[in-house]
Amino acid sequence: MLNAIRRVSPHPTTRPQAAYICAFCQRQPTTSPTKLGLSSSSSRHSSTDAGAAAVAADKSEPGSRFEAHKQQLAKAQANKSKYAPAPPHKAAAVKPAPKASPDLIREIRTEIEAHRQGMKEKARHEKEDAKSGKRQQQQPKAPKAKPQKPTIPASTGVAGRTLKEALAPRQMNSTADPDTVELKPIPVPDQPGVPVLAHDLDRVLFNPGVYFLQDPRTKVFNFDPYLQKLMPVNEFEFEALSEYITSSRDTKLEQVAKQVGKRYVGSTSSMTSILGHFHYLLSSWRQINPSSLSKSFVVPWKTFTALQRAPQAIFLRWKDGVYAIDADKEFDKESVLTLLGKSMEKLLTLPPDQFENYRRSNDAKVASTEPAVDTYHYSTLGDFLMRSQLDAYDARLPGTGMFDLKTRAVVSIRMDVDNFHIGSGYQIKERFGEWESFEREYFDMIRAAFLKYSLQVRMGRMDGIFVAFHNTERIFGFQYISLDEMDAAIHEDWNSGIGDREFKLSLQLLNDVLNKATEKYPEQSLRIHFEAKESQTPLMSIFAEPMSEEAIDKIQANKRTDLTTFLKDLGDKKSAYLESLNKSDEDLAAEARAASRAAAEADSKAAAEIEAAAAIVVEEIPTEVIEEATAPTAELAAEEDGLPKDAAADFARQMAQAEEEILASLNVGGDGLNTATNEILSTPGDSILETTITTEPEAQIEDPAATTTTEPEAEIEDPAANAISMEDEPEDTAWLAEMEENARKATEAATPPLLAFTLKIKNYVNSKLVIRPDRLAPNDKWQVQYDLEEVKGPRAWASYKSCLSRKQAFLTSRPEATVAGGAAAAGPASAKEDFRGVYIQNIVNLSKKGREYISKVEKEQAEVVPVVWTATPPKPSS
């Protein structure tokens, strides 16, 4: 208690007269602090001295605790050997406590008793206050100053927000949930049956991996040898096939859409290219999964090909309340691969005798074997009605039993389709390996085709794809790839649960984009570009441009060529190349030099003819005509505007008369100029004053009297005459705003309409923000929050032009084709000494070696009867 009295410091507001108070009962001691040893001059040992006095008081009383302790010490000393361990060192001498006087002891006891009474009184008051509901009033404390949180500078675009607030996930305006939509089949009766595989190829459907058409080791054919050599495209009767009908020309598709109440119709070929960009957006550019390849295969890239990542476009064509989605074919052109895809579908589903009816040299009729129309699956999701052509069917497959037929050309053909005859010597010899293997083709399919194939399979409610590998001349093998296998390569892993949900989310986002575009430009045809961009926050740029039907037809027919002419060119090109293989390198070099000299001579001759013709024309023109033509007149300007000659002459006279009237009204050299200047000065706006003074300097300088008149000088000498009052400033501001608005409207009127969007998303799995979903269980909930932010003004057109430039660069510039073609014709003389040139040159060399290899194999097999695998092996010969 005494120590508590000593520790409490004096408080200037409560008890200024007391130097010490009790820490418990808040009472001033009755005993003098000096007598208790608690004076301000006492040292830190004063409490020890007071404690010693209290001990002395206890010692003076008989039967006290001190006596009892003394007896215990006596017992301990008696049993010293048993209880008391030896001290580690000699204890320091303790100064004996001073002897307390009886008066001091009495005062201490009085103080202790007063303290006890004070504590009882305090408890009684607290109890009464609690019963009466009063709270003990405490002295108000000064509020603590809160530390100011650091905020982000204004230059970051989130000024005034703390770093924590800026980094917190922002709630977006819209949400897409795949659990709220479903892909529903629409039955359409009276459709032809779907073909089935011929040549016992159905065995491929139920065995994973690749089937060699001919085993490279034993030379035994696993299937009919008729499949090995492909019919050349210039010998196939493509006119006998049914024509492909785009979504905008499919009247049946339009009728079904009106029956089921859908706004947008499309096909697998027109929608998968843009849906691929939604995959890049939702997956945040997830890399491919090449784990199905062998460990010895070196994976050079884990990204999708540059051609797949290029901007993609569609035409949204309006017709009678329905929007049809057509693929943008501005840079598409007829190729040998497109034609082979059509002919090989017939090859795989028809017996040899029926397929031979399509050969041009065959006089047999094929009209009876060709169905009137193709067979389709129709499905709906959201506002979409989707059409998918059905290629083949097998009832033993899961689901609908439908699957797609795909013809896959080898790498040498794909890298240079225009010069396919050069790469057609490339062979597939092994199952595994970096080159000339099925593994190489499978890896390229993952990067360039699996995403498109998987989307087509989902839209058509199919099970997978049947792939035939070829080099435009020979088929090497077959493979059936299920949808689950494709998902494992592009959606993280097997059974990841991502593919179906991502497909639904993509269509939901596309649906909202098309709704915004058609709301901006209702009942109009649009050209819409999509481009997903690699950034920290996933985003996509979308551009919708209104376009007339005539302009769309012109773009779609830009690269279309006559089929007969195209087939003839393909045949001639291949024949010329095969003939060149028999020539020596010296002959080829001589032909190349001769062709170069002939081209140079033709160019110089044409230039000389143009110069001579121009000189003759100039000599025949009279000098007066030349002078009149070189002098810019109002009559010439009127003729350029399309006026007749007589009207042009009248217009010129009117312009001259108007100029004279303007000069007369200005009265250059007199008061007229001063009046006009005063009117200009009184016009609101400094810009008009500056423009007028700078546009007529000659009128002010032509007549010296105009610069020496007294009225302008008087106005200039008087500052108040030329001063612009502050009261006129609001009028000037309003006028300038009006001028800016008029300029903006004029710019918008001169600029074609364009709707530009930026689509930003955030992925949430079970309400937790993630970059991308890696694996989803059936009960997991994947939602996507997104914003469609409109981009306006010059920035929109600048971004659109940049997108068009990138699209053209990806789809038209094919330096590898030039390298391949030039290398085959005149040796490896590449303009770019880079990896691409080395890559293409390696493929060209493999194609040459492959052609030599297959020629040798064919000579050996010509003398041997081919052996074909059968379900019942042949009996051994005796």
Taking the six-membered ring for Trp and the single ring otherwise, decide whether the centroids of Trp435 and Phe297 are under 6.0 Å apart. no
Stepwise, does the side-chain hydrogen bond (donor to acceptor under 3.5 Å, both in side chains) test hold for Gln785 with Ser174? CA-CA 6 Å; Gln785 293 185 2; Ser174 305; over 6 Å; no
Side-chain donor-acceptor contact under 3.5 Å, Asp383 with Tyr323: no
So Asp326 and Ser270, side-chain hydrogen bond (donor to acceptor under 3.5 Å, both in side chains) or not? Walk me through it. CA-CA 5 Å; Asp326 284 353; Ser270 63; 5.6 Å; no
Ring pair (Phe, Tyr, Trp, His ring centres under 6.0 Å): pairs with one or both residues in residues 490-517, sequence neighbours excluded: His279-His491
Polar contact flag, side-chain donor to acceptor under 3.5 angstrom, Thr400-Tyr393: no
Is there a donor-acceptor contact under 3.5 Å linking the side chains of Ser482 and Asp484? no
Is it the case that more than 12 heavy atoms not belonging to Lys252 sit under 6.0 Å from its NZ atom? yes
Let me see the working for Asn511 and Arg263 under side-chain hydrogen bond (donor to acceptor under 3.5 Å, both in side chains), right down to the final yes or no. CA-CA 10 Å; Asn511 198 343; Arg263 297 186 65 195; over 6 Å; no
Please determine, by modelled atom types, if Gln479 and Lys406 share a side-chain donor-acceptor pair under 3.5 angstrom. no
State, without any angle test, whether Thr537 and Lys760 hold a side-chain donor-acceptor pair at a distance under 3.5 Å. no
Distance-only polar pair, side chains of Thr375 and Gln191, donor-acceptor under 3.5 Å: no
Have Asn173 and Tyr786 got a donor and an acceptor in their side chains that come within less than 3.5 Å? no
For Phe478 and Phe469, I'd like to know if the aromatic rings sit close, meaning centre-to-centre distance below 6.0 Å. no
Ring geometry between Tyr480 and Phe403 (parallel below 30°, tilted from 30 to 60°, perpendicular above 60°): perpendicular
Using a cut-off of 6.0 Å, state whether more than 12 heavy atoms not belonging to Lys319 lie near its atom NZ. no
Could you check whether the rings of Phe304 and Tyr280 sit parallel, tilted or perpendicular, using 30° and 60° as the cut-offs? tilted
Flag if over 12 foreign heavy atoms under 6.0 Å of NZ, Lys258: yes
Are Arg447 and Thr303 close enough that some pair of their side-chain heavy atoms sits under 4.5 Å apart? yes
